[in-house]
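Remember, it's 1-based here, ligands and their atoms both numbered in the order they're listed.
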Amino acid sequence: MIKFSDLGLSPKVMKAVADAGYDTPTPIQAEAIPHALEGRDVLGIAQTGTGKTAGFTLPMIHKLARGRARARMPRSLVLAPTRELAAQVAENFVQYAKYVKLDMALLIGGVSFKEQDRLIDRGVDVLIATPGRLLDHFERGKLLLTGIEIMVVDEADRMLDMGFIPDIERIFKLTPFTRQTLFFSATMAPEITRITQEFLQNPQRVEVARQATTAENITQKVVCFKAENRKVEAKQKRELLRTIIDSEGDKLTNGIIFCNRKVDVDIVMKSLKKHGHSVGAIHGDLDQRYRMEVLAGFKNNDITLLVASDVAARGLDIPAVSHVFNFDVPIHAEDYVHRIGRTGRAGRKGWAFMLCLPHEIKHLDKIEELVKQPVPRLEMDSFTTSKPERNEHPKKKRVPNRPKIVTEVKNVEPIAKAEVLVETAVKNGIPSENTTKTEVSVEPNTKHKTQRKSNPKEQDNKVKGLGDHIPAFLMR
Ligand code: AMP
């Protein structure tokens with residue numbers, strides 16, 4: 001078996017890896033790191049959870065350890081589709097570059113330009129950005145990309161979903177032809193293939209098996225039901241969700257409820273709250289500070305249930321949960337695998353329930369095709385009957401013997417001031433003590449300011465865009 005020590009990384013990088021407790025590289029790391037160290041372009045086809053972030057941060061740190069950054073001319077650039085993913089990459093740099101002096105800046109929306117400008121002016125080795133914010137800085141004349149030695153595009157398929165491909169192409173053209181490119185995508189849509197053919201030079205293709213199967217330790221169930229009529233469909237879905245939640249009893253320690261549409265995230269959250277559950281919601285249109293509070297609450301168990309948009313399943317370091325509820329059948333079959341992968345981590349048991357209305361069966365079929373097995377049906381008498389009994393008034397419908405879980409609703413500590421300490425990765429020697437902290441202000445309302453462009457298809461209520469992980473250092 002390949003060890004980290006076989007990959008050719010410098011002792012300082014190795015020490016940080018050892019501190020993180022890793023001695024065996026993941027397959028994507030084992031394959032990508034040696035090629036990246038050689039200076040080759042890498043096309044990594046891997047999804048989140050494969051260790052791909054360290055797959056590019058480790059060789060970057062190794063290579064950037066020599067040399068110095070010049071003012072306004074970053075030496076490397078990592079593009080991530082969402083601010084949370086960008087922040088997560090930044091957290092990786094902080095972790096793995098703790099014995100190497102590297103200056104880093106994180107350019108994401110929701111944070112004031114002033115502080116970001118100051119960091120860029122000083123010169124940075126690693127610039128981590130969302131495409132929109134990067135171009136904003138560029139257009140303001142504050143940034144030159146002609147010194148980029150290494151450029152990383154992370155989660156290119158999400159960039160495509162979010163309409164960022166033109167921005168990515170533009171950014172590629174602003175960087176020197178001589179740069180090394182490390183490009184990661186979970187899938188290779190034709191548009192992504194086109195970009196890689198245009199901008200990568202003789203890349204080493206590194207592919208890790210797609211996680212198309214679902215873990216055996218996850219008990220999966222789908223409840224297919226037909227509502228009494230279209231009008232009460234959503235209401236009955238919520239009732240069914242509560243019934244399942246309640247009947248899970250002590251097995252349910254915490255759970256994520258995924259909805260396909262942001263509007264449903266809000267409604268489901270309010271409904272659960274009304275019924276006495278400890279619950280928070282998270283999706284791209286919610287204020288950044290609110291999302292941070294909710295995530296913090298969920299992470300420290302103040303909040304038991306998190307209602308989330310789809311993107312929460314992607315790439316974000318949300319703690320393992322006992323239960324995943326698919327309030328809607330995900331439209332993209334792969335999202336099902338991502339969603340339920342939030343439970344049953346590290347060999348623990350997990351439960352994944354899904355609610356399916358007749359119009360969602362086509363999506364369920366696609367999921368079953370992808371995971372190559374049927375999702376076991378759960379019959380729930382009061383719901384799976386297609387027609388109500390004669391004289392039965394919908395309002396009077398009650399589920400018999402529904403056990404109740406009493407959940408404590410605790411308030412999440414509000415963030416006292418509109419300032420967050422962002423730990424910049426100006427690190428030298430010993431970790432935390434030498435960390436420079438830079439105050440940046442968070443715009444009080446980041447609503448609708450999240451991204452420059454979006455796919456026209458996503459202009460409606462379909463969930464898009466923002467990830468949900470807020471790294472610890474942003475929370476301090
Ligand atoms: P990523 O796919 O980069 O989002 O990484 C997924 C998770 O795997 C992160 O929580 C990492 O800390 C963890 N990880 C990265 N590399 C390794 C490794 N070599 N061994 C074990 N876990 C790792």
Can you classify the ring geometry of Phe56 versus Phe184 as parallel (below 30°), tilted (30 to 60°) or perpendicular (above 60°)? tilted

Geometric class of the Phe172/Phe183 ring pair [parallel <30°, tilted 30-60°, perpendicular >60°]: parallel

Spacing of Leu145 atom CG and Ile148 atom CD1 [to the nearest 0.5 Å]: 5.0 Å

If you round to the nearest 0.5 Å, how far is CD1 of Ile282 from CD of Glu84? 7.0 Å

I want to know if ligand 1 touches [X] in the polar sense, i.e. an N/O pair below 3.5 angstrom.
{"X": "Gln88", "result": "no"}
{"X": "Gly51", "result": "yes"}
{"X": "Thr53", "result": "yes"}

What part of Thr24 sits under 4.0 Å from ligand 1 if we count only heavy atoms: the side chain, the backbone, both or neither? backbone

Option nearest atom 11 (C) of ligand 1 (shortest heavy-atom distance, choices Tyr22, Phe4, Phe56): Tyr22

Lys98/Asp19 ion pair, N-O < 4.0 Å: yes

Any idea which atoms of ligand 1 are less than 4.0 Å away from a heavy-atom of Thr26? 17 (C), 18 (C), 19 (N)

